[in-house]
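Counting starts at 1 for both ligands and their atoms, in listed order. Atom set for the values below is all heavy atoms of this structure, side chains included, hydrogens, waters and symmetry mates excluded.
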Amino acid sequence: MGLLERDAQYIWHPFTQVQTAPSPLPIIRAEGVWLFDENDKRYLDVNSSWWTILHGHGNAYINQAIKDQLDQLDHTLFAGITHPKAVEIGERLVKKAGGHFSKAFFSDNGSTAVEVAIKTTIQYWHNQGIPKRRFLAIEGAYHGDTFGAMSVGARDVFNRPFERFFFDVEYLPYPTKENKAEVIEMAAELFGSGEFAGFIFEPLVQGAAGMRIYDREILNKLIGLAKNNNVLTIADEVMTGFYRTGSMFATDQIAESPDFMCLSKGLTGGIMAMGLTITTQKIFDTFLDDDFAKGMLHGHSFTGNPIACASACASLDLLEKQDTLNKVEWLTQKHVEFVEEHKDHPAVRSIKSIGTILSIELEIGEGSSYFSNLRTKAYEYFVQNEVLLRPLGNVIFLNPPYCINEEELQFVYGKVKGFLDQL
Ligand SMILES: *Cc1c(COP(=O)(O)O)cnc(C)c1O
C-alpha cells in the first residue's frame, strides 16, 4: 500500500472532516521555505507550517544545536531536576519580556501555555482566599483546544459539543474604530464588578479568527483598565511572538505590560513542541507557602524537554542576529507595498499587514464563513500553484518563514495576484 492508502487506513487528522476533505499531501522532505512531496512536487510553505517554522525548514544552526543536545542530555523529568538549556531559555526570555517579568513555566504547546496562565490566574485568587472566578475574552478569540483554552475562545462550530462544560466567560466585541468607546465602556463596567479573575487576549492580531489586526491604543486601554481594577491580564503571544508583528512580542508595541505572556509556535524555531508561560514575581509569590497545596501542582511528562529547550535557544540566537532583523524589516516593508498596490482590487474586501503577516479578506456575497466554498477553492488553487497556504474562511494570509528570499516572495505574491485576478 502507498503512503496515502496507509494514511487513510490508520490516521485521523486534526481540524478535518475526513469524509469530505481531499487527501493530505504526502510530504517527505523540506528545505528552507519548500516542502517536497513523494513525487518531488514542491510547495512554498508560506503558512510556516501552522505559524511555527520561523527560520524555515532544515536550518543548519538549529539542527546542529539539536544534535549536540541529543548527545549531551536527551530528556529528564523537570520536577526536582534542572538543566542548563531550560535555565538558559527561561532566563533569556524572561529578560526579553522585560520590565516586571520574573518567572518562566514550561509546558508542551500553545494550548497548555494558555492553560497554565488560566490555572495560575485562578489559583492566584484562590491562594489569597479572594472569590474572583470570571474571565473576560474577546469575541472571535482562539486560545487553543484544551478545555480551559476552549472556554476562553470563541463559542463556535469548533467547540459546540463542549460548550456546556465551559466555565464562565464574558466576551468583549471585537474592537474596531467604530465601537471603540463602547468596548472600553463595557470592559470598565465588567471589571468594575470585582468578579473578574483575568482578561485574556491575542495582542494586536487575532490569528485563527482570520488574522484580524486591531488597534494598539484600544488594547493598551483595556490592559490599563484591567490593571486598575485588579484583574490579571494574559497576553496570548503564541502566534504573535518572535517578530511576527514586527517586534519581538506584540505587546512590545504598547505601553502597558501584561501579567502573563504565553509562548509556543515559533518558540523553538518551530521544530520542537514547547510552551512557555512567563509571569511576574508578584504572582509567583502567592504560590509560596508551607502548605504544599498552594504550589503550582501542574506539569507534563515532556515539560522542559532539553532538546526543545536547545532548539529554542538556537532559534533565539538567530533572532538576535542583525540579518534576521533586517529580513523581518524587509518582509514588513514588502507587505506594506503589496497592501498599497492591492487595496483597490475588486476581489479584495480588505487588506492589511502587520510585521511579517499579510492578511487579505476576499470579497464574497454571502458573508464570511470558514466553510465557504471559496476556502476550498483558494486552498486548491494555491496547492496546484506550488504554494501551501491555508485560508481562514474567506481570508487568505501569508506569514512566511523569515528566510524567504526576494525571488520566493515574488513567486508567492505572483500567485496571490493570479488568484485575485481570476476571481
Ligand atoms: C495556535 C494557537 C494556540 C494553540 O497552540 P497549540 O500549540 O496549537 O496548542 C493558542 N493561542 C494562539 C493565539 C494560537 O495561535
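- Between Leu388 and Phe382 the shortest side-chain heavy-atom distance does not fall below 4.5 Å.
- Distances below 4.0 Å separate heavy atoms of Asp236 from the following atoms of ligand 1: 10 (C), 11 (N), 12 (C), 13 (C).
- Using bins of under 30°, 30° to 60° and over 60° for the plane-to-plane angle, the ring pair Phe196/Phe191 lands in the perpendicular bin.
- The aromatic rings of Phe338 and His342 lie parallel to each other, with less than 30° between the two planes, well short of the 60° mark.
- Counting atoms of ligand 1 from 1 in the listed order, those under 4.0 Å from a heavy atom of Gly110 are 4 (C), 5 (O), 6 (P), 7 (O), 9 (O).
- Under a 4.0 Å heavy-atom criterion, Ser111 is in contact with ligand 1.
- The distance from ligand 1 to the heavy atoms of Gly144 drops below 4.0 Å at these ligand atoms: 4 (C), 10 (C).
- Among Gln206, Lys352, Met239, the single residue meeting the side chain to side chain contact (heavy atoms under 4.5 Å, CB included) criterion with Met211 is Met239.
- For the ligand labelled ligand 1, residue Trp51 lies inside the 4.0 Å heavy-atom shell.
- Closest heavy-atom approach to atom 14 (C) of ligand 1 within the set Glu202, Gln206, Arg244, Lys265: this belongs to Lys265.
- Ring planes of Phe166 and Phe147: perpendicular class, angle over 60° (limits at 30 and 60°).
- Every atom of ligand 1 is numbered from 1 in the order shown, and the set under 4.0 Å from a heavy atom of His143 is 10 (C), 11 (N).
- Near Met239, meaning under 4.0 Å from any of its heavy atoms, are these atoms of ligand 1: 15 (O).
- Cation-pi geometry between Arg212 and Tyr174 is met: under 6.0 angstrom from the ring centre, within 45 degrees of the axis.
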